[in-house]
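A short worksheet on the structure shown next.
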Amino acid sequence: MNLKESLPWIERPAGCTEPVWRNPNNPIIDRYSIPSSNSIFNSAVVPFGEGFAGVFRCDNRAVQMNIFAGFSKDGIHWEINHDPIEFKCGNTDFIHSEYKYDPRVCWIEDRYWITWCNGYNGPTIGIAYTFDFNDFFQCENAFLPFNRNGVLFPEKINGMYAMLSRPSDNGHTPFGDIYISYSPDMIFWGKHRLIMKPTPFEVSAWQCLKIGPGTTPILTDEGWLIFYHGVIKTCNGYRYSMGSAILDREDPSKLLYRTQPYLLAPAAPYELVGDVANVIFPCSALNDGERVCIYYGAADTHVCTAYGYLKEIIDFTKNNSCV
Ligand code: BMA
């Protein structure tokens, strides 16, 4: 599919000088879009066939967390399956899973890879692949518990699969750094390297408690562009905002730039009010080489989109970097 023609897109509103702006029709997916759902958020989409496909986090009315496949012609109006994904065995035996949430989707070579936070006596990173968003094949978990936010690179780096992640604890983790890990086979992961830590409070307080990878890295002339979440602890709890960073093309364990100001922070009503107030949580981004459409979860309740020009975001990241 040619994303130049079909990328979901809304032009910058008159008077807006920000590098990223919201869809005025947010949220694009209502919390009750399937019969069982309490909330639909933190979800990931990719181009698929003549349109788009995605994997959606739908918490049900027992607030059990699970992931569901969905399809769309335009990337904005979605039909989400009413039943969660049932996995077949991929590169391993059946792996027990207590819950699944916060999926990411990434095309590598010949198939779509899904990663998510997988309950395996505590959260870790689950991995699966699909060719058609109908049959899904579950593989080995990437890590021991505890870890969240597994984000694959869309191509191998020096012959190895590469993944960003955020080691965590079993609860509402009060720390969080972004690491990169490598695998020759999507079974064994190693060569773990620390890339980014939270910033000092006085430098950039929106990302001073914890940070985690968000969207599949986008290869640009300047390096790998990622959108990530950063968290500050306030007297009303955690506040999740979105920033961008650029990693070295040849060695993505090298951080080149990261934004000192946020790109997007909770301000719209649907980000301020919901099951968890004050959350912007990016999980995927579509781009056509020039423009980007970012999908983010808002207030742990609904799915939203935001837009920007890649060149402007890269310039903003370089010109406002606190590396
Ligand atoms: C994180 C994850 C996300 C959630 C966020 C804000 O730890 O649980 O799914 O969006 O907290 O509640």
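Counting convention: from 1, in listed order, for ligands and their atoms alike.
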Exercise: do [X] and [Y] side chains pair donor with acceptor under 3.5 Å:
X      : Y      : answer
Tyr307 : Thr305 : yes
Asn319 : Ser321 : no
Asn66  : Tyr99  : no

Closest candidate by heavy atom, reference atom 11 (O) of ligand 1, pool Tyr240, Tyr296, Phe281: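 Going through Tyr240, Tyr296, Phe281 one by one, Tyr240 has the nearest heavy atom to atom 11 (O) of ligand 1.
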
Look only at interatomic distance and state if [X] has a nitrogen or oxygen under 3.5 Å from any nitrogen or oxygen of ligand 1.
X      : answer
Lys210 : no
Asp102 : yes
Arg148 : no
Arg57  : yes

Ring centres under 6.0 angstrom apart (Phe153, Trp224):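 That pair passes the under 6.0 Å test.
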
Phe137/Tyr129 aromatic ring centres below 6.0 Å: yes

Audit row: Tyr182, Lys156, side-chain hydrogen bond (donor to acceptor under 3.5 Å, both in side chains) steps and yes/no: CA-CA 9 Å; Tyr182 296 92; Lys156 289 180 176 169; over 6 Å; no

Residue, atom name and distance, where the atom is the protein heavy atom closest to atom 8 (O) of ligand 1: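 For this ligand atom, the closest protein heavy atom is Tyr101 CE1, 4.1 Å.
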
Nearest protein heavy atom with distance in Å, relative to atom 12 (O) of ligand 1: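 It is Asp300 OD2, 2.6 Å.
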
Worked verdict on Trp189 versus Tyr179 for ring-ring contact (aromatic ring centres under 6.0 Å, His included): CA-CA 12 Å; Trp189 291 85; Tyr179 286 77; over 10 Å; no

Residue part near ligand 1, for Thr173, under 4.0 Å between non-hydrogen atoms: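 Contact part for Thr173 vs ligand 1: neither.
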
Tyr238, portion touching ligand 1 at heavy-atom distance under 4.0 Å: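 It is neither; nothing of Tyr238 touches ligand 1.
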
